[in-house]
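For ligands, and for the atoms within them, numbers begin at 1 and follow the listed sequence. Hydrogens, waters and symmetry mates are skipped; everything else that's a heavy atom, side chains included, is used.
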Amino acid sequence: MNNQGKTGIPESEINQRVEALLAKMSLDEKIGQLNQVSGADFSPGPKAVDVIRKVGAGSVLWLNDPRRFNELQKIAVEESPSGIPLLFALDVIHGYRTIFPIPLAMAASWDPAVAEQSQAVAAREARAAGLHWTFGPMLDIARDARWGRIVEGAGEDPFLGSAMAAAQVRGFQGDDFADPERVLACAKHFAGYGYSDGGRDYDPVYLSEAQLRNVVFPPFQAAIKAGVATFMSAYMDLNNVPATGNRWLMRDVLRNEWGFDGFIVSDAFAVINLVIQGYARDGREAALRALDAGLNMDMASGAYLDNLAGLVNDGSLTMAQIDEMVRPILALKVRMGLFEHPYVDETLLEKVVARPDHRQAARLAAQRSMVLLRNEGGLLPLSKDIQNVAVIGPLADSMEATEGSWMVFNHKPAAVTVLQGIQAKLPGVSVAYAPGPEIHRDIPHPFGEFDSAEKKPPQTAEEAESAYQTALETARGADLVIMVMGETADMAGEFASRGSLDLPGRQEELLKDIHAMGKTIVLVLLNGRPLSIRWAAENVPAILEAWEPGTEGGNAVADILFGDVNPGGKLPVCFPRNGNHAPLYYARNITHLPESSPRYRSRYWDDLPTPLYPFGFGLSYTTFSIDNLKLSAAQVKVGESLTVTADVTNTGKVAGDEVVQLYIHQKWGRDSRPMRELKGFERVTLQPGEAKTVSFQLGPDELGYWSTHAGAWIQEAAAFDLWVGNDSTATLHAEFAVVG
Ligand code: NOJ
């Protein structure tokens with residue numbers, strides 16, 4: 001019962017109130033609570049206001065307007081038969097008005113505290129706008145960078161992903177559902193969505209139970225441990241059963257095994273989509289199968305609204321089944337004090353978003369998330385005395401690309417761009433700027449239709465060529481060229497998978513042409529997924545992965561480029577040499593012909609299969625040594641823990657951060673195990689010459705795994721390798737044994 005205690009109201013009182021409500025609700029009113037209705041004009045089906053007035057609703061989504069929230073809430077409370085208030089829900093993924101780095105970037109901070117703080121700010125702003133519930137965090141482990149939604153998660157690793165999951169849940173929810181500065185969180189998408197075939201969005205997923213339990217599930221379990229209020233079912237087929245109709249996922253695992261007592265909402269239209277997916281004959285069967293599988297709330301599809309009453313009346317479903325689905329929805333509304341405080345103060349938002357600490361938090365998060373990929377000859381940090389600098393690239397002055405994908409509805413971009421950040425660092429210097437040709441998706445993003453902002457027509461071929469030439473000219477006149485390249489915000493996210501990971505458009509060509517002029521180049525990347533930047537990695541002396549860094553992104557980039565901040569982020573995903581190498585991840589199993597074998601050449605005959613930059617990698621303006629690796633015991637019994645310590649020392653001349661990472665490998669067992677798995681990390685800040693001892697615990701949770709052979713979670717007597725270092729190729733090594 002993970003949610004107990006997370007409110008001031010005693011559990012018994014909550015239950016009593018829920019039962020009292022249920023006792024006086026008609027079937028239609030109960031069904032109303034099982035619906036999340038769309039507040040947007042674009043949705044098909046009945047209007048939210050009509051449904052609310054008639055039978056009430058569990059929740060409203062796709063609306064972002066405090067005044068309208070209050071209007072609809074008044075109808076729910078005063079005019080709907082049950083008078084039950086509505087939960088207003090929206091995707092607040094990485095900030096409401098103050099935008100934080102995209103979640104993949106937050107994971108690159110390897111700093112759960114900063115992720116928690118960021119989502120706490122997002123929650124405060126969202127709540128002040130009248131929202132009660134966000135559809136985040138997204139916890140899908142993603143190992144295929146072609147999949148667009150890799151931008152929304154914490155990357156490829158379940159251990160890092162779990163730490164980020166718990167931190168985000170704590171940030172959104174705090175530790176009391178009744179906290180008026182927090183929102184309910186939603187662990188999504190349950191489960192397996194990150195493994196869609198070929199990285200193609202929504203494509204089916206085939207995953208073994210071992211993969212699910214060892215890799216996909218841990219962040220969801222961490223979210224439950226952190227008290228997450230709700231879950232969202234995924235769209236896709238998991239082993240031939242759509243997640244939204246998947247009884248094993250929703251009942252057997254989530255509720256019965258893990259004891260989740262909140263409620264599950266479908267993804268948008270996913271209930272009726274069961275028909276399109278060929279899993280249900282019609283809407284009636286879709287509703288029946290989803291509810292029977294344990295899905296509480298239908299997001300926007302109307303299938304519950306249209307069919308549940310008929311299903312109860314003809315005996316296909318019982319009232320007890322309906323009550324079971326309604327209960328956790330009502331319980332959350334009671335727990336969070338929604339009945340006592342259904343309305344939002346419409347003047348609150350502007351006061352809350354004006355808080356300077358929100359901007360400061362966004363700048364800190366952006367600084368901590370950036371990863372220095374290359375710095376030949378210590379080109380960075382740059383001197384603030386430089387006079388003749390050009391900033392070039394299609395994203396250099398783009399607020400949209402700086403804020404990144406997944407903005408809340410009706411959000412007006414307002415980020416400090418990289419160009420602006422650099423200009424602010426160099427007062428009195430005139431910074432030359434040329435965007436070069438625009439970059440676009442080949443197939444436009446479908447959400448573009450909902451974007452009310454006026455769009456200028458795309459460049460003509462002549463305009464693009466002229467922009468290219470202007471960029472070359474601008475670079476020619478400069479001593480140092482800062483090139484800001486990557487992907488636009490709509491190139492990652494939902495509906496944003498790609499077959500290639502190359503820099504889109506003519507960006508690499510421009511990079512090469514300016515390089516050929518003999519210019520010193522610093523490349524700043526703005527992107528929401530790993531890109532294949534091999535040419536740049538071999539030719540451009542300095543590369544900063546800035547991701548999509550949010551409102552303060554441009555300032556944070558400039559802080560790092562000019563040395564006010566020393567970068568300390570690390571990659572939460574491997575960067576492949578080539579997009580065709582996806583999926584690529586470090587925690588692979590060992591083959592019969594391992595890389596250490598003398599007969600080993602390569603897994604491809606035309607390329608190295610290793611990443612361009614490995615998981616966990618990132619440079620600093622200082623240097624570190626990690627040594628003095630010690631284990632509390634060479635041998636522990638099954639069920640016992642051992643302590644691993646190592647010393648990390650700043651051996652350079654400036655203060656900086658290092659992320660000390662611990663990896664293990666179980667050498668044999670009933671199942672094969674990955675060649676390395678992250679099992680501990682800590683980000684430390686050290687002054688020049690300063691040393692610190694970091695300490696990690698390895699116990700049954702870290703040393704056990706879900707075994708295909710045993711069909712259960714087991715811990716075995718076996719020998720283990722262990723490495724400590726600053727990326728997933730760490731070489732500082734020790735061994736230990738677990739004995740029976
Ligand atoms: C579809 C997306 O898959 C999901 O992540 C999102 O929360 C819902 N739409 C609601 O906008």
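- For Met232, the closest heavy-atom approach to ligand 1 falls below 4.0 Å.
- Only the side chain of Glu494 comes within 4.0 Å of ligand 1, counting heavy atoms alone; its backbone N, CA, C and O stay farther away.
- Between the side chain of Thr551 and the main chain of Ile99, a donor-acceptor pair closer than 3.5 Å is present.
- With a 6.0 Å cutoff to the six-membered ring centre and a 45° limit on the axis angle, Arg143 counts as a cation-pi contact of Tyr585.
- Annotation: cation-pi geometry satisfied between Arg289 and Tyr279 (NZ/CZ under 6.0 angstrom from ring centroid, within 45° of ring axis).
- Using cut-offs of 30° and 60° for the angle between ring planes, the Phe447 and Trp406 rings count as tilted.
- Under 4.0 Å from ligand 1, the heavy atoms of Arg149 that appear belong solely to its side chain.
- Set against the non-hydrogen atoms of Lys188, the atoms of ligand 1 under 4.0 Å away are 4 (C), 5 (O), 6 (C), 7 (O).
- In terms of protein heavy-atom proximity, atom 6 (C) of ligand 1 is closest to Asp91 OD1, 3.2 Å.
- Interface atoms of ligand 1 facing Tyr235, defined by a heavy-atom separation under 4.0 Å, are 1 (C), 3 (O).
- Ring geometry, Phe263 versus Trp133: the interplanar angle exceeds 60°, so the pair is classed perpendicular (tilted spans 30 to 60°).
- Centroid-to-centroid, the aromatic rings of Tyr343 and Phe69 stay 6.0 Å apart or farther.
- Inclusion of Glu152 in the set of residues having an N or O under 3.5 Å from an N or O of ligand 1 is not warranted.
- If you check which protein heavy atom lies closest to atom 9 (N) of ligand 1, you get Asp267 OD1, 3.3 Å.
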